[in-house]
Amino acid sequence: MSQHVVNVLLSGVFHASILFLVAAGLQVIFGVQKIFNLACGSFYALGAYVGVSAVGWYTAAGGPPALFIVPLALAGLAVGAVGLVVERGLLSFVYERDETFQLLLTFAVVLMMEDAIRLTWGAAPRSTAGLYLVYGQTHLLGATVPVYNLIVIAASLAIAVAIGWLLTRTTFGRIVRATADNREMAAALGVDLRRVYAKVFTLGTALGTLGGALVIPATATMSEMGIELIVEAFAVVVIGGLGSMRGAFVGALVVGILRSIAISTYPELEMLLIYLIVIAVLVLRPRGLFGGAAV
Amino acid sequence: MRHLSQATRELLRAHGPRYNSPRYDRRQILGLAGAAAAAAALRFDVAPAQAQGEPVKLGVVAIRAGIAAPVGAAGLRATEWWAERVNKAGGILGRPVQLVVEEESNPKDTVERYRKLVLQDKVEAVLGGISTGVTLALGPVAEDLATPWLSWDGTTQKGVEETMPNPKWAFKSVDNEVEAIVAGILTPKYFKGIKTVAGIGNDYSYGHDCWQSYQAVLKRYVPDVKFVLELFPKLGVTDFTSHIAAIQQSKADLLMCSFWSGDATIIMKQAAAVGLFKTMKGVFTTAGGVHDSLKKEFTPEGLLLGYNTMYFDDPKGGPLLKQFVREYKAKHNEYPPYECDHAFFNAESYKAAVEKAARGGRQWPEKAAVVKALEGLEVESLSGRRSWREDHVQMCNFYQGITTHKNSYDFVTISPVEVVSTKQAMKPAGAKLFDWINGWKI
């Protein structure tokens, strides 16, 4: 029994770790720029594809398998620079327009990104072969746990702590929070909104691409992988509260663990259960568990 | 080949407005790939064919986006390979083949593109169609437009029941559930003493139908078998760790999985990470569709693995299969999956039917005569002899076997190879599936 509980909880937390990175990207961008970035799932997919390629090159160059996570994470972070291109090249033109335009624009990015990925990497699923098992397995209360899953969970936790530190303990974080709270006032006090927006969007994108890169050894790329995650990320931000990082953390845990419990007990209810909670939150606490808190 | 393409493109422009513009969209470029071969033949190999008439246009509908895109790409590649081969040999009745490729997407849009192929491009026949959701809609349209349609992998089944038992123009794939039935027949042979079974498949018709059919067949061989868990994740899920936790908890003796795309690779990898198949047997009815992604590092020996209707490494495979595998690998750097065989069979049987209907002459036959000639026709396909049943359903062999690491690849293959004919594993024309299974003498 304890073995099963460990399996269910750890698989839920593993799923939550990835969800958190994508939802955190969504939240930081919404919190500051008030843009609901539908492309967060596409950035996640992009990170996964780039991660596979980076690991492929690393392996072909004879890099030691045990260190594959280094090029993987670096590639995931580096490709986050695409956020800067999207923000400067596209979003910067629609900040003053209606939110619907912004939403449509990020949806356009979703579709464009899917085609760009297909043109670059083709339609066939790609994976990092057996590297997932390089770190072996460990045993916890009778359950076999892949060490790589624990690494992803730990990385996600470390990133959560790092973001918390960045937002609350650094000058950049204070500026970001001030901008999220009142952008006109921040601009009046001399904050260069252009730079802040570019940095924040790139940070949000890099969280998604890093999430995609980190998960890929445990799975394989599929062209729809981003869309699938957006649906769950919505639930995370509604439950946690739109724009809140703490909300993203708690929301991801709630969705990840509930999903895992549902699959183990009543698999037919997997999505129904999650969205029942979404509806309950929307009705009883529309701002979400941590809604209203500035980034 | 590169030299020929430039020359042939110029030649193709002479064949109509479609190729007049120097700007090509993706569809036209893919169409050209096949047509280029046609023109190559025109100019260099069978010059007399040009004098005998225009190229014969064949429409192709292929999925090129989404989860089934690799399957669609495989079908298209095989069709192009076939067109190149036919054109090098002089075309069909002296006319070179020109492929006009359209996208298979949702039913509504695909029907519109299908109409365009027949009404605007004036193709002689349409090949392709993979998703049964789409081909269910294409069937009646094919009948309405009175042009032969040969489906690669799509049926006109609703669930496991046929909706078009007596078509005139529509030629359909094998019934969706055949590979699950084959796996159900082979399971008791290789996994003796199985008492409990868990199942996982995609949450749409194919996944559910395979699971039901597998259960019905296995129940006939092992009457006291218990089905203890069924999971139907959505298409596109890339994290099955929670599903695997549930499968572990079920403590089933065997897991049956009908995944056929990247999800087969993912579940195999995530199952290996927790040692699932150390205590459980595994049946993967359709994972041969992504066979070269099933790396040895995470795919154990001893699983039952299905390759649908073509096994690329078949030790008894003929010279045609060997040539195709060799050239496919050289060109695409991967080993061909089964969809190639469906596509090749469709195109090759169409050619044979035209030649049969022409009765040895050079006069191009009426479309009605071609569909009549297709009924019951048998031709050599990549996997061996395949035929059309009288009710327009494909007849062929299914290949499944036990995974092994004893090969020169970095992925698993199967040994021994079991070959089961649709004569044994597909319900006869007009039969009800479960009545038919329950009527087996075992």
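Order of the sequence lines fixes the chain letters, A, B, ..., with proteins taken first and strands second; residue numbering starts at 1 for each chain. Because the structure is a prediction, the values reported are computed rather than measured.
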Is it the case that atom [atom1] in [X] sees more than 12 heavy atoms from other parts of the structure closer than 6.0 Å?
| X | atom1 | answer |
| --- | --- | --- |
| B/K329 | NZ | yes |
| B/Y204 | OH | yes |
| A/F107 | CZ | no |
| B/K295 | NZ | yes |

Side chain from CB out, backbone as N, CA, C, O: work out which of these in A/E270 comes under 4.5 Å of a heavy atom of chain B, or both, or neither.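 For A/E270, side-chain heavy atoms alone lie under 4.5 Å from chain B.
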Structural part of A/I117 lying under 4.5 Å from a heavy atom of chain B: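 Answer is neither: A/I117 stays 4.5 Å or more from chain B.
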Quick one: are A/N149 and B/T241 in side-chain contact, heavy atoms under 4.5 Å?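 SC-SC contact between A/N149 and B/T241 confirmed.
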Can you find a pair of side-chain heavy atoms, one from B/S293 and one from A/S127, that are under 4.5 Å apart? no
Quick one: what part of [X] sits under 4.5 Å from any heavy atom of chain A, side chain, backbone, both or neither?
| X | answer |
| --- | --- |
| B/L235 | backbone |
| B/D203 | neither |
| B/V237 | both |
| B/K234 | side chain |
| B/A74 | neither |
| B/T238 | both |

Does A/H4 offer a backbone N or O that forms a donor-acceptor pair with the side chain of B/Q248 under 3.5 Å? no
If you tally heavy-atom pairs under 4.5 Å between each of A/P267, A/A129, A/P217, A/G136 and chain B, the highest tally belongs to A/A129
Under a 4.5 Å heavy-atom cutoff, which of A/I263, A/T265, A/T144 has the most pairs with chain B?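 Highest number of pairs under 4.5 Å: A/I263.
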Most contacts with chain A, counted as non-hydrogen pairs under 4.5 angstrom, among B/L231, B/D239, B/I247, B/V71: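 Looking at each option in turn, the highest pair count goes to B/D239.
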I'd like to verify something: which residue of B/S250, B/G275, B/G236, B/S261 has the highest number of heavy-atom pairs under 4.5 Å with chain A? B/G236
If you take all heavy atoms of [X] and [Y], which pair is closest and at what distance?
| X | Y | result |
| --- | --- | --- |
| A/P125 | B/P70 | CD-CG, 3.9 Å |
| A/N7 | B/A245 | CB-CB, 3.8 Å |
| A/G12 | B/S242 | N-OG, 4.3 Å |
| B/A273 | A/Q137 | O-NE2, 2.8 Å |

Between B/K269 and the options A/T128, A/L133, A/T219, the side chain to side chain contact (heavy atoms under 4.5 Å, CB included) test singles out A/T128
